[in-house]
Amino acid sequence: MTNNFLRIGIMGGTFDPIHFGHLVTAEAVRDQFNLDKVIFVPSGNPPHKVKRNITDKHIRYLMTILATVTNPYFEVSAIEIDREGYTYTIDTLKEFKKIYGENTQIFFITGADAILEILTWKNAEELLQMCNFVAATRPGYAGDSISEKIGYIKKVYNKDIFQVTVPSLAISSTDIRNRVYEGRPIKYLLPESVERYIEKAGLYKRR
Ligand code: ATP
């Protein structure tokens, strides 16, 4: 028997800035899992990335909107931007369940690097039971260590993590920020609208 519950993809990230690696991953997972939509959730104050100065959350939110407007299946949520203090995925997912209903199927989309760290996230066990996790391939992160981690999660938490292959783009926000800082091109790594915005706002430039 089939059901008509919504199938929603959640793509969390710092998006500092958003790039084609994020976008192609979200679109590939949407297609492969037949999702009704993918909601991008830019982080507020992410506890895992306190080591560097992160661009203002409203600017990252704006860049995420600019990057996603051309895809009718993509939405951006300000849920973590609007929250004060540290933001945790567990709270965000509970909020989405409240908004869309308990029976909504949530697919949390992550790149390979993020799935390797998932057990360090707040309330990891509860998180694993609350939604489906999709681990997308990412250049530079070995498939073996990911399969090993997924096997461990299955054994200890009795939870399957979906592993998917997406078009490989060796793009990272860190590399884009470094390129701007060094005055090197970022063309074809991210949407032109975001590239223009970075230029106009003078983001990531050497001061
Ligand atoms: P930074 O370089 O600042 O750490 P990032 O490029 O890894 O940033 P995030 O915003 O931290 O980007 O990533 C959000 C999510 O997107 C994570 O789950 C990450 O694994 C995934 N992701 C980022 N870049 C890619 C890529 N090129 N291919 C597949 N997944 C990616």
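For ligands, and for the atoms within them, numbers begin at 1 and follow the listed sequence. Here the structure is a predicted model, which is why all the values come from computation and not from measurement.
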One finds that the ligand 1 atoms under 4.0 Å from a non-hydrogen atom of G13 are 10 (O), 14 (C)
Return yes or no for this condition: an N or O of T14 is under 3.5 Å from an N or O of ligand 1. yes
Check the angle between the aromatic planes of H19 and H22 and answer parallel, tilted or perpendicular using the 30° and 60° thresholds. parallel
Can K94 and E126 be counted as an ion pair, charged N to O under 4.0 angstrom? yes
Atoms in ligand 1 with a heavy atom of D113 nearer than 4.0 Å: 19 (C), 20 (O)
Atoms in ligand 1 flagged as close to A114, the criterion being non-hydrogen separation under 4.0 Å: 18 (O)
Please identify which atoms of ligand 1 are closer than 4.0 Å to at least one heavy atom of T25. 28 (N), 29 (C), 30 (N)
Nearest non-hydrogen contact with atom 1 (P) of ligand 1 belongs to which option: I18, I109, T174, V24? T174
Which atoms from ligand 1 have a heavy atom of R177 less than 4.0 Å away? 3 (O)
Please state whether G12 comes within less than 4.0 angstrom of ligand 1, counting heavy atoms only. yes
What atoms of ligand 1 come within less than 4.0 Å of a heavy atom belonging to L169? 26 (C), 27 (N)
Does an N or O anywhere in P139 fall below 3.5 Å from an N or O of ligand 1? no
Is the gap between the ring centers of F108 and F133 under 6.0 Å? yes
Check each atom of ligand 1 against the heavy atoms of M11 and keep those under 4.0 Å away; list them by number with element. 15 (C), 16 (O)
Just let me know how V166 lines up against ligand 1, side chain, backbone, both or neither, with a heavy-atom cut-off below 4.0 Å. neither
Which of the atoms of ligand 1 are close to T110, meaning less than 4.0 Å from one of its heavy atoms? 18 (O)
Spell out, as yes or no, whether a donor-acceptor pair under 3.5 Å connects the side chain of D36 to the backbone of R7. yes
When you measure from atom 13 (O) of ligand 1 to each heavy atom in R138, H22, H19, which option holds the nearest one? H22
Distance only, no hydrogens: is a donor on one side chain within 3.5 Å (strictly under) of an acceptor on the other, for R177 and T174? yes
Look at the rings of Y157 and Y152 and say which category their plane angle falls in: under 30° parallel, 30 to 60° tilted, over 60° perpendicular. perpendicular
